Q: 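Got a structure here, written out as structure tokens. Questions coming.
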Amino acid sequence: MPMGASRYCGGCKTMAVPASALTITRESEDAAKALKLAFLGIFCFGFIVAPMAISAALTARKEIAANPTVGGLGKANAALIIAPAVLIVSVVGAILRVKGMGR
């Protein structure tokens, strides 16, 4: 533990941390981008756009974890739920289309 640092229980920590450190000052651009890409993937090119959404969401989550004043965790988490589902559906759909062409 660094010099001058203290350990606090949950309640004391809340009181010891200044309110300004808990205030969201901006939203992660990557979180918003990830959610937009996830929804775009539903309508077109899901197998291309969904991995981009997943990557942007993971980047956003790292940014938010590193800086508590950055918001957008809900959008990043939503993108991480939607994008893999879109990816699975589009890949399965592509496989079924290819199999149907062989008849």
Side-chain angles (χ1 to χ4, degrees):
M1 186 177 309
M3 188 98 149
S6 301
R7 287 192 166 186
Y8 295 103
C9 67
C12 295
K13 184 177 186 180
T14 302
M15 295 177 67
V17 175
S20 62
L22 302 175
T23 305
I24 303 298
T25 57
R26 67 178 181 86
E27 186 172 295
S28 170
E29 292 176 12
D30 285 323
K33 175 183 168 184
L35 190 56
K36 289 176 189 174
L37 287 171
F39 279 119
L40 176 64
I42 293 171
F43 301 106
C44 61
F45 303 111
F47 58 92
I48 296 171
V49 179
M52 294 167 53
I54 293 168
S55 175
L58 292 174
T59 302
R61 285 178 54 149
K62 286 180 188 174
E63 176 186 10
I64 293 164
N67 185 353
T69 63
V70 177
L73 184 60
K75 288 183 179 181
N77 288 339
L80 283 175
I81 292 169
I82 296 167
V86 168
L87 182 61
I88 291 168
V89 169
S90 31
V91 168
V92 168
I95 291 170
L96 292 175
R97 274 184 242 125
V98 168
K99 276 187 154 187
M101 294 172 91
R103 291 181 181 182

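The basis for the numbers below is simple: all heavy atoms, side chains too, and nothing from hydrogens, waters or symmetry mates. Numbers here are sequence positions counted from 1. Keep in mind the model is a prediction, meaning the values are calculated, not measured.
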Q: Output all residues satisfying salt bridge (Lys or Arg N to Asp or Glu O under 4.0 Å) with E29, sequence neighbours left out; order by chain, then residue number.
A: none
Q: Does I95 share a hydrophobic cluster with L87, counting links as ILVMFWY side-chain heavy atoms below 4.5 Å and allowing steps through other members?
A: yes
Q: If you measure from OG on S90 to CZ on R97, what distance do you get to the nearest 0.5 Å?
A: 8.5 Å
Q: Taking the hydrophobic residues Ile, Leu, Val, Met, Phe, Trp and Tyr, and joining any pair whose side-chain heavy atoms are under 4.5 Å apart, which ones share a cluster with I64?
A: V70, L73
Q: Are F45 and M52 connected in a single hydrophobic cluster, I mean Ile/Leu/Val/Met/Phe/Trp/Tyr linked by side-chain heavy atoms less than 4.5 Å apart?
A: yes
Q: Which heavy atom of A60 sits nearest to which heavy atom of A31, and what is that distance?
A: CB-N, 3.4 Å
Q: Pick from L35, I54, L37, N77: which one makes a side chain to side chain contact (heavy atoms under 4.5 Å, CB included) with I82?
A: L35
Q: Would you say the side-chain atoms of S28 pair up with the backbone N or O of G72, donor to acceptor, closer than 3.5 Å?
A: no
Q: Considering non-hydrogen atoms only, spot the tightest contact between A57 and A76 and give its length.
A: CB-O, 3.6 Å
Q: Would a distance-only check, ignoring hydrogens and angles, find a side-chain to backbone donor-acceptor pair under 3.5 Å from S55 to P51?
A: no
Q: How long is the gap from NZ on K36 to NZ on K75, to the nearest 0.5 Å?
A: 7.5 Å
Q: What closest approach, in Å, do A53 and A38 show between heavy atoms, and which atom pair accounts for it?
A: CB-N, 3.6 Å
Q: Determine whether D30 and L58 make a side-chain contact, defined as any pair of heavy atoms from C-beta on separated by less than 4.5 Å.
A: no
Q: Please name all residues satisfying side chain to side chain donor-acceptor pair (under 3.5 Å) with K33, sequence neighbours left out, ordered by chain then number.
A: none
Q: Do I48 and L40 sit in the same hydrophobic cluster, where Ile, Leu, Val, Met, Phe, Trp and Tyr count as joined when their side-chain heavy atoms come under 4.5 Å apart?
A: yes
